[in-house]
Amino acid sequence: MNINAERLKSTLRELSQIGYNESDHGVYRWGFTDADMEARRWFLNLAEQEGFKCHMDGAGNVFAGIGDYHETPAVLTGSHLDTVPAGGMFDGALGVLAGFEVLRTLKENDVKLKHPVWVVGTAEEEGRFGGMMGSQALAGVVNMDWLMSAHDADGVYLKDAMAKHNLDVMDVLDAAWPPSRLKAFYELHIEQGPVLFNEEVSIGAVEGISGVFKWIVHLKGKADHAGTAPMNMRSDAFMGLADFAHEIERIIAEDGTDKTRITVGKVELKPGSPHTVPGEAIFTIVGRDMSNEVMTDLADACRKALSAIARKHRLMFEYEQVSWLKPQSCSDKLTQIIEKSAKARNLSCIRMPSGAGHDTQFFSEITQAGLIFIPSVNGVSHAPDEWSHWHDVEAGANILLDCILNSAE
């Protein structure tokens with residue numbers, strides 16, 4: 001049995017037009033924006049038109065499926081529908097629409113399975129408000145305090161972003177699935193790295209997922225005239241940021257591993273005038289590693305470095321930890337099923353870690369969870385030129401089909 005590759009390609013292309021930007025060719029479906037919610041409605045309409053059960057929960061997660069998961073534990077598959085700003089067409093969307101293509105294939109072939117099969121398009125996975133809210137809600141690991149205080153780097157609160165779309169943030173607490181409702185979870189995703197592409201391997205069977213922490217940092221000095229303030233008398237917030245950027249390689253060398261990543265990804269200087277010494281630098285720090293202990297060491301090292309830099313430049317240092325997601329192992333049983341499926345289809349396959357976070361890491365807390373990678377051309381992701389070859393998309397979707405059939409029998 002095989003999925004319909006041309007139909008999957010057409011569906012992916014259709015979804016990619018929601019939030020598409022003509023000027024930079026990126027996809028803009030940042031969590032709980034108008035485009036993101038349009039994509040969720042589009043998915044539900046598609047599922048309804050094709051005769052599947054479907055609904056949206058209080059967290060904004062959208063579902064479509066076959067069978068009743070209230071009576072028999074379900075095999076769930078999917079990924080996220082939101083994107084980073086100027087993202088690509090495959091990240092997240094592939095896992096949702098490949099899962100939907102599996103549903104279509106099962107229906108067309110009148111396949112009878114012991115367990116229900118459902119697809120989820122999770123909400124707010126890309127971390128606009130910190131974490132992976134949709135899958136965290138399904139795993140039951142969000143709380144009221146976080147929901148009421150969560151905000152993005154521009155100061156927009158999660159509760160307000162949801163209210164704009166007639167969603168009540170408190171309903172997120174009702175989205176949790178009990179472990180008894182699930183038999184297994186599978187996610188198909190592009191690798192977002194160069195390993196599979198460079199080594200010409202078709203399938204990655206993921207063993208574990210990197211942890212990640214996110215900070216919003218404020219370095220506060222004094223705005224001053226760029227022409228009259230002597231260099232040695234300034235409290236220049238940008239110089240503090242620049243010094244920290246130079247410290248990143250040292251921090252990784254001393255406290256990290258070959259799996260460590262530290263990134264300053266968003267920067268704002270205030271007051272933002274070409275003729276004014278910046279009085280404040282606001283920026284994000286995102287740290288990743290496969291070890292929670294290493295992540296703790298990295299966070300401590302960043303804090304110490306920023307404190308020392310603040311003293312050097314006469315700055316005040318403050319930071320907010322927006323999220324801390326621990327590393328997570330995937331189910332060895334499901335990883336073996338992925339490997340066996342690849343072998344049966346004569347596809348090359350390797351076991352590998354994931355440096356990026358995925359919904360799978362939260363589903364791992366409530367069920368057996370497996371993560372399937374396909375190659376990303378040149379390892380590019382989170383950018384308009386993100387691409388995966390259609391033959392790899394087809395191969396990954398067929399592996400997903402095999403795995404779901406195996407677990408749902």
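Not measured: the values here are computed from a predicted model.
A donor-acceptor pair shorter than 3.5 Å cannot be found between the side chains of E101 and N4. Inspection of the D91 and H189 side chains reveals an N or O donor paired with an N or O acceptor under 3.5 Å. In summary, the side chains of S381 and E386 do present a donor paired with an acceptor at a separation below 3.5 Å, with no hydrogens or angles considered. H25 and Y20 form a side-chain donor-acceptor contact under 3.5 Å, judged by distance and modelled atom types alone. Checking E187 against T360 by side-chain atom types alone, a donor-acceptor pair falls below 3.5 Å. No side-chain donor-acceptor contact under 3.5 Å links D359 and H80. Residues D236 and H313 have side chains that never bring a donor and an acceptor to within less than 3.5 angstrom of each other. Remark: the E320 side chain and the H151 side chain contain an N/O donor-acceptor pair separated by less than 3.5 Å.
For W177 and F63, the ring centers sit closer than 6.0 Å to each other. In summary, the aromatic rings of W390 and F90 are positioned with their centroids under 6.0 Å apart. Ring centers of F43 and F100: under 6.0 Å apart, within the cut-off. Between H358 and F373, a ring centre-to-centre spacing shorter than 6.0 Å is recorded.
Contact annotation: the side chain of W30 never approaches that of D82 to less than 4.5 Å [non-hydrogen atoms, C-beta and beyond]. Between Q336 and K333 there is no side-chain heavy-atom pair separated by less than 4.5 Å. In this structure, the side chains of L325 and F213 stay at 4.5 Å or more apart for every pair of heavy atoms.
Here CG of N61 is found 8.5 Å from NE2 of H55. Values are rounded to the nearest 0.5 Å. Note that OG of S149 and CG of N143 are 8.0 Å apart. Values are rounded to the nearest 0.5 Å. Summarising the geometry, atom CD belonging to E280 is positioned 13.0 Å from atom OG belonging to S235; distances are rounded to the nearest 0.5 Å. Here the straight-line distance linking atom CG of L15 with atom CG of L81 works out to 6.0 Å at 0.5 Å rounding. Rounding to the nearest 0.5 Å gives a distance of 4.0 Å between CD1 of I251 and SG of C302.
Using a cut-off of 4.0 Å between Lys/Arg side-chain N and Asp/Glu carboxylate O, E247 and R250 are scored as salt-bridged. Ion pairing between a basic and an acidic side chain is recognised when a charged N comes within 4.0 Å of a carboxylate O; R128 and E124 show no such pairing. Checked for salt-bridge contact, R351 and D332 meet the test: a charged N lies under 4.0 Å from a carboxylate O. A salt bridge is defined here as a Lys NZ or Arg NE, NH1 or NH2 lying under 4.0 Å from an Asp or Glu carboxylate O, and D224 with R234 fails to meet this definition.
When all heavy atoms of G92 and S79 are compared, the closest pair comes out as O-CB, 3.3 Å.
Annotation: M352, atom CE; neighbour count of heavy atoms from other residues, nucleotides and ligands within 6.0 Å is above 12. Around the CE atom of M170, the shell of radius 6.0 Å holds more than 12 heavy atoms that belong to other residues, nucleotides or ligands.
Among pairs with a residue in residues 18-34, those fulfilling salt bridge (charged side-chain N to carboxylate O under 4.0 Å, His left out) read D34-K164, at least two apart in sequence or across chains. Residue pairs meeting the salt bridge (charged side-chain N to carboxylate O under 4.0 Å, His left out) criterion with at least one member in residues 396-409, sequence neighbours excluded: R345-D402.
K183 contributes a side-chain N or O that, together with a main-chain N or O of S407, makes up a donor-acceptor pair within less than 3.5 Å. Side-chain atoms of K214 come within 3.5 Å of backbone atoms of G127 as a donor-acceptor pair (strictly under, hydrogens ignored). One N or O on the side chain of D152 and one on the backbone of D154 form a donor-acceptor pair closer than 3.5 Å. Distance alone, capped at 3.5 Å, places no donor-acceptor pair between the D392 side chain and the S388 backbone.
Under the salt bridge (Lys or Arg N to Asp or Glu O under 4.0 Å) rule, E50 has a single partner from K107, R104, R7, which is R104.
Among residues two or more places apart in sequence or in another chain, the ring pair (Phe, Tyr, Trp, His ring centres under 6.0 Å) test is passed with W146 by none. Not counting sequence neighbours, D385 has no partner by the salt bridge (Lys or Arg N to Asp or Glu O under 4.0 Å) test.
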Name the atoms and distances for all side-chain donor-acceptor pairs under 3.5 Å in residues 282-300, with sequence neighbours left out.
from	atom 1	to	atom 2	distance (Å)
T284	OG1	G265	N	3.4
T284	OG1	K266	N	3.1
D289	OD1	T257	OG1	2.7
D289	OD1	T260	N	3.3
D289	OD1	T260	OG1	2.6
D289	OD2	S291	N	3.0
S291	OG	E293	N	3.2
S291	OG	V294	N	3.1
N292	OD1	W324	NE1	2.9
T296	OG1	N292	O	3.1
D300	OD1	R303	NH2	2.3

Let me have the donor-acceptor pairs involving side chains of residues 194-209, under 3.5 Å, with sequence neighbours excluded, atom names and distances please.
from	atom 1	to	atom 2	distance (Å)
N198	ND2	P194	O	3.4

Applying side chain to side chain contact (heavy atoms under 4.5 Å, CB included), run through L401 and T105 and close with a yes or a no. CA-CA 9 Å; L401 171 64; T105 303; 4.2 Å; yes
